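These notes concern the structure reproduced below.
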Amino acid sequence: MKIAVASGKGGTGKTTLSVNLATALAYEQSVGLLDCDVEEPNCHLYLKPRFDSTEPVSTLVPVVDQDACTGCSLCARACEFHALLALPGPPLLLPELCHACGVCAYVCPEEAMSESEREIGMVGSGMVGGVYFRWGRLNIGEARSTPVIQSVKDLRTAPPLDTVIIDAPPGVACPAVEALRDADFAVLVTEPTPFGLHDLVLAVQTARQMSIPCGVVINRVGIGDERVDDYCAAENVPVLLRIPDDRRIAEACSRGEIFAAGDASFASTLRAFASDLRTRTQERITT
Amino acid sequence: MKIAITAAGPDLSSAVDQRFGRGRHLLVVDLPERTVQTIDNQAGRNAAQGAGIQAAQSVIDSGATVLISGHCGPKAFRALKAGGIEVYLTSGGRVDEVLNQFEEGTLDLAPAADVDGHW
């Protein structure tokens, strides 16, 4: 079962839920936690891993053969992402804008364009606290995080896992979509405020457009109003879990601790929540 | 010589647009005659990314050797420099007045980008 923990709004508690859920489940099954928020990874602040390995993540960028290039500028005109600038001579490459689509090499009549690897970030993985943990980090100044997210989601070197929890980046743009892709279920974390609701609506629309079933976790219940509940009822989106605005959870968070590790009641609530998710994903497979 | 200048409107009486990549119009002005060719920068305004690069491409393609704008980010500056374009910055005003300042030599030549990307 692959669960993506996402939200439209930042700071609603995606990471808090992800690390607590992984920790609670690790007592009874093999669980993987993938921190796909590669622009601002933070699961490691709670898990405190010492990594078995870190590897570079690379993407392809074009290389111009300066002698073969005739300066025809077809490549630069074809580039959808403005990563090549047409000049009187060979084009200028702006590597951070390149999406590695390869169209420049495809259109070059002189075959003057080849592709080489360029490092844009790292990925690390290992076992920590009974959880298989994998995370990535995009290098500062890079514009495109999706290759690093794909690398974090690459489980070819992972042990067999009963449950995979994907901590997605906030928002509903390319990085969030990449993190959600192939998930069996999207858990959308929100807070009961107008801001939370506004961005929840976008997140629900995104999950629906990707044909991923979704449900809502309302975090910090008690700080706002009923509008998130009203929306979920009207849109037939299940509210799966309500986490109270509990100072003890906030204090554990701010100390970099995992609340579920020391609170059997919360851990048990999260295990029941995971069973509910499993039932929902299995129902979907059988129907 | 040809000067490219970002403008909020299509003619010399318009205000200089402080934005380069996402500016409204690009005026290509022949000096000293002051004949104007107006380029609508709609593509740059709507670009998901690389607006500055696209605008720099328009400047290079126009045959201008100088750009005057309000601000210029690092990628646009790199692109303009590669295209052999000199960048002058202005704090604002009407296009014709800023062109007067350029001709009088009172505009500052930018040695580097003056803002971060996506400012």
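Since this is a predicted model, take the numbers as computed values, not measurements.
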*So does A:E235 have more than 12 non-hydrogen atoms from other groups sitting under 6.0 Å from CD?*
yes
*Is the count of non-hydrogen atoms from other residues, nucleotides or ligands lying under 6.0 Å from A:E119 atom CD greater than 12?*
yes
*Any idea which heavy atoms bring B:I53 and A:L85 closest together, and the distance?*
O-CD1, 3.8 Å
*Of all the heavy-atom pairs spanning B:R78 and A:P95, show the shortest one and how long it is.*
NH1-CD, 4.2 Å
*Check: B:Q57 side chain, A:A86 main-chain N or O, donor-acceptor pair, under 3.5 Å*: yes
_Interchain contact, A:E96 with chain B, by part (heavy-atom threshold 4.5 Å)_ = side chain
*With a 4.5 angstrom heavy-atom cut-off, could you sort out which part of A:R144 is near chain B: side chain, backbone, both or neither?*
neither
*Residues, nucleotides or ligands: over 12 heavy atoms within 6.0 Å of B:L109 CG*: yes
*Take atom OH in A:Y231; do more than 12 heavy atoms of anything else shown fall under 6.0 Å from it?*
yes
*Greater than 12 external heavy atoms within 6.0 Å of A:E111's CD*: no
